[in-house]
Amino acid sequence: MKKQLLIRDVTLRDGQQSLFATRMTQKQVERTLPGFKEAGFYAMEVWGGAVPDSVMRYLNENPWHRLESIHNALGNTTLLTALSRGRNLFGYSPYPDDVISGFNRNAIKSGISIMRIFDALNDLDNIRSTVKYVKENGGIADCTLVYTVDPKYSTREKVKALFHAKVLPSKIFTKDYFLRKAIELQEMGADIITIKDMAGLITPLRAGMLVRMIKQNVSVPVDFHTHCTPGYGLASTLMAIVNGVDIIDTSLMSFAGGTAAPAFEIIQLFCHRMNIETGVNINAVVELDRELRAIRQELKELDSYKAPREFNILTDTLPRDIDQMMEMAIAYAKADKEDDLLEVCHRIENWFGFPDPDAKICEAEIPGGMYSNMLAQLKALKLEKLLPRALELIPLVRLASGCPPLVTPTSQIVGVQAVNCALDESNGVPLYTTKSIQFVNLVKGVYGRTPVPVDPEFRFKLAGVKVEMPYDTRFYKKQENPVFEEYGGVKLALNEKEELLLELFPSVAHDYLKKRMEDTYLDEIHRVEEEKQEKIEAEKQKYNILSPEEKQKRLLDGLYNYNWSSSEGETIGLS
């Protein structure tokens, strides 16, 4: 009997977000849905993350409509999944329970079956309420272990610490750390536990070890999610498979590799060799990837990479050396030979035309998006020369702020502050003279408990308090839903779903909903004017076919009062 491996396709959310800044239009998404319906993936990640914000901000489209249209097209052929930051949902600060409840209830009602829930600090209290509301509404709670690595200190900082007799903490994110979190998630009610490596930092050996260990200690299915930026993605996913993972996340080939997830087609080739059944309709996948390749061409202005090689996994044949490397990769994974596994996986990916590993990201051990944001921040100031120092400061900034995992949004908070510290240093002022409000809130405890405690003296220096000050949702102020008299006295948000958009994306949703209101108002004026003109034209035609005697009689009877013009340009009628 073949072993079963479930596939969660992330093409329409994580894939397009990683490669094309979430710019697929509604029409482009709809072109793929018949193919996805035929493919029959176990699950598809289609919503959450940057999708709701981006479709309003850049495409002037309704995010709820996008979700509902996907659900209507796919029916029950696959489970739809979304990504949520627990109490933070899509932002930074926690929301009160009524907002969390309303969001999850409406998401599930609109078609979401699996809600993937994570917290950027791995503070499980921040996801507890979401788990509750997802399950109460009949959804599946996919609870996440956010994977991260310990701070990577520079030689300079190690020497400085040794000179001052200070200990630089290490061995924070150990296997025991993740195991404790996994067991707690199961006790909390998790239906699935995902090892989510959003930065692509998990090495093959680490991936295999975590999957083995968690599978031995929990009874719920385990999912594995990673990215390919530093070059570990394909090899680490293969290691997860040989170590018994239940579900893996992949993108279809045209939306895979680079900053995105590994390609389903390569994973399918591995599974075929290992006698593993994915249950996916490969014929449908081949046709679907052709459509996605065409869409990628349409998005080329947003594309940072060259599209991978066209390859039909049903009919095309691998070169002999690549075919042998596929077999070698499986053998190396089973033998825990990490270096050999990485070497052959890189050669396989290179043949398929995927981007080379990003050496800078691999060395710095930070997410690609964090690196590019830091570089952009310094370029804007024409101070790119400070980037190496900013990278050196990241471990110290992390440590000072409680060693948060490097994942959105904490990776951006730490990255911005590392740049600020580099600027402070270059200007000859103390570090943390320049600080963002988000960094202060992180240190203060507003976003939750950090993996290691923040030094009370440092907290006092930055935030003016020595003890943690969690965000108090009692002081949360609901977003206003104004009435616009100039557009007929209608409210900006017309229903609960639109009110939620205002709560979660205040400025973006306000602009989107107001433009929708203006367009609707103008369309109504245009429709009324068209109806008026059609009525006038009809009356004119009826008048023109009357005999001269009847025209005279009706005018004298006062039955007509025209204010329209004849084709000859003469005004006809009485006034």
Determine, using ring centers only, whether Phe90 and Phe103 are less than 6.0 Å apart. yes

For His227 and Thr259, indicate whether the former's side chain and the latter's backbone hold a donor-acceptor pair under 3.5 Å. yes

Asp142 side, atom CG; His225 side, atom NE2 - distance, nearest 0.5 Å: 11.0 Å

Between Arg290 and Glu287, does a salt bridge (charged side-chain N to carboxylate O under 4.0 Å, His left out) hold up when you go through it step by step? CA-CA 5 Å; Arg290 290 196 183 104; Glu287 295 300 318; 2.4 Å; yes

Charged N to carboxylate O below 4.0 Å: is that the case for Arg105 and Glu496? yes

Got a salt bridge between Glu184 and Lys181, using NZ or NE/NH1/NH2 to carboxylate O under 4.0 Å? no

Candidate list Asn420, Leu383, Leu387, test side chain to side chain contact (heavy atoms under 4.5 Å, CB included), partner Gln377, passing option: Asn420

Test log, rule side-chain contact (heavy atoms from CB on, under 4.5 Å), inputs Phe255 and Ile295: CA-CA 10 Å; Phe255 280 47; Ile295 291 171; 4.2 Å; yes

Spacing of CD belonging to Gln28 relative to CD belonging to Glu291, to within rounding of 0.5 Å: 9.5 Å

Can a salt bridge be assigned to the pair Asp455 and Arg459 using a cut-off of 4.0 Å between side-chain N and carboxylate O? no

Is there a side-chain contact between Arg85 and Pro409, using heavy atoms and a 4.5 Å cut-off? yes

Main-chain N/O of Val407 paired to Thr410 side chain as donor or acceptor, under 3.5 Å: yes

One thing to verify: whether Glu45 and Arg8 come together as a salt bridge, which I'm taking to mean a side-chain N less than 4.0 angstrom from a carboxylate O. no

Return yes if some donor-acceptor pair links the side-chain N/O of Gln17 with the main-chain N/O of Ala50 below 3.5 Å, else return no. yes

Indicate yes or no for a side-chain donor-acceptor contact from Asp249 to the backbone of Thr226 under 3.5 Å, with no hydrogens or angles considered. no

Test item: Leu500 and Val99 side chains (from C-beta on) under 4.5 Å apart, heavy atoms: yes

Grab the two heavy atoms, one from Pro63 and one from Met56, that are nearest each other, plus how far apart they are. CD-CG, 3.5 Å

Please walk me through it: do Ile247 and Tyr42 pass side-chain contact (heavy atoms from CB on, under 4.5 Å)? CA-CA 9 Å; Ile247 311 165; Tyr42 158 71; 4.0 Å; yes

For residues Ile100 and Tyr95, report the shortest heavy-atom separation together with the two atoms involved. CD1-O, 3.4 Å

dist Lys491:NZ -> Leu513:CG (nearest 0.5 Å) comes out at 13.5 Å

Could you go through the side-chain contact (heavy atoms from CB on, under 4.5 Å) check for Val46 and Leu74 one step at a time? CA-CA 12 Å; Val46 298; Leu74 269 59; 6.0 Å; no

Do Tyr471 and Tyr476 have their ring centres less than 6.0 Å from each other? no

Could you measure the distance from the CG atom of Leu494 to the OG1 atom of Thr520? Nearest 0.5 Å is fine. 8.0 Å

Gln16 (side chain) donor-acceptor with Arg13 (main chain) under 3.5 angstrom: no

Does the side chain of Leu396 reach to within under 4.5 Å of the side chain of Pro151, using non-hydrogen atoms? no

Salt-bridge contact Arg66-Glu61 (side-chain N to carboxylate O under 4.0 Å): yes

Between Arg449 and Asp125 (salt bridge meaning N to carboxylate O under 4.0 Å), is one present in this structure? yes

Within the side chain of Thr11, is there an N or O that forms a donor-acceptor pair under 3.5 Å with the backbone of Ser251? no

The reported gap from CG in Asn104 to OG in Ser84 (rounded to nearest 0.5 angstrom) is 6.0 Å

Are Tyr147 and Phe173 near enough that their ring centres are under 6.0 Å apart? no

Is a donor on one side and an acceptor on the other found under 3.5 Å between the side chain of Thr194 and the backbone of Lys196? no

Can you tell me if Asn76 has over 12 outside heavy atoms packed within less than 6.0 Å of its CG? no

For Glu486, I'd like to know if atom CD has over 12 heavy atoms of other residues, nucleotides or ligands within 6.0 Å. yes

Sub-3.5 Å donor-acceptor pair from the side chain of Asp289 to the main-chain atoms of Ser254, do we have one? yes

Please give me the minimum heavy-atom distance between Thr32 and Val29, naming the atom from each residue. OG1-O, 2.7 Å

What I want to check is whether the side chains of Tyr487 and Glu518 have a donor and an acceptor closer together than 3.5 Å. yes

From the options Pro395, Cys403, Pro404, select the one residue that forms a side chain to side chain contact (heavy atoms under 4.5 Å, CB included) with Val414. Pro404

Between Phe439 and Tyr432, does the ring centre distance come in under 6.0 Å? yes

Taking Arg87 first and then Asp119, would you say they form a salt bridge - that is, a charged N and a carboxylate O separated by under 4.0 Å? no

When you compare the side chains of Gln297 and Arg293, does any donor N or O come within less than 3.5 Å of an acceptor on the partner? no

Taking every heavy atom of Gly402 against every heavy atom of Thr450, the minimum-distance pair comes out as O-CB, 3.4 Å

For Asp358 and Thr229, which I'm curious about, is there any donor-acceptor pair between the side chains at under 3.5 Å? no

Taking Gln438 for the side chain and Gln417 for the main chain, is one N or O donor matched with an acceptor at less than 3.5 Å? no

Atom pair OG1 (Thr144) and CG (Leu83), whose distance is rounded to the nearest 0.5 Å: 7.0 Å

Run Met44 and Val10 through side-chain contact (heavy atoms from CB on, under 4.5 Å) and show every step you take. CA-CA 6 Å; Met44 286 172 55; Val10 298; over 6 Å; no

For the pair Arg516 and Asp511, find out whether any cationic side-chain nitrogen is under 4.0 Å from an anionic carboxylate oxygen. no

Give me the atom names and distance for the closest heavy-atom approach of Val55 to Pro52. CG2-O, 3.5 Å

Show your working on salt bridge (charged side-chain N to carboxylate O under 4.0 Å, His left out) between Glu503 and Lys477 and close with a plain yes or no. CA-CA 10 Å; Glu503 292 300 314; Lys477 185 177 179 181; over 6 Å; no

Within the distance-only criterion (no hydrogens, no angle test), does the side chain of Thr78 pair as donor or acceptor with the backbone N or O of Phe41 below 3.5 angstrom? yes

Salt bridge or not for Arg116 and Asp223, using N-O below 4.0 Å? yes

Of all heavy-atom pairs between Ala39 and Ala284, which one has the smallest distance, and what is that distance? N-CB, 3.6 Å

Considering only NZ, NE, NH1 and NH2 on the basic side and carboxylate oxygens on the acidic side, decide whether Glu384 and Lys379 come within less than 4.0 Å. no

Looking at Glu68 and Lys497, is any side-chain nitrogen of the basic one under 4.0 Å from a carboxylate oxygen of the acidic one? yes

Among Asp424, Val416, Val443, Leu462, which residue meets the side chain to side chain contact (heavy atoms under 4.5 Å, CB included) test with Lys435? Leu462

Would you say Glu30 has more than 12 foreign heavy atoms packed within less than 6.0 Å of its CD? yes

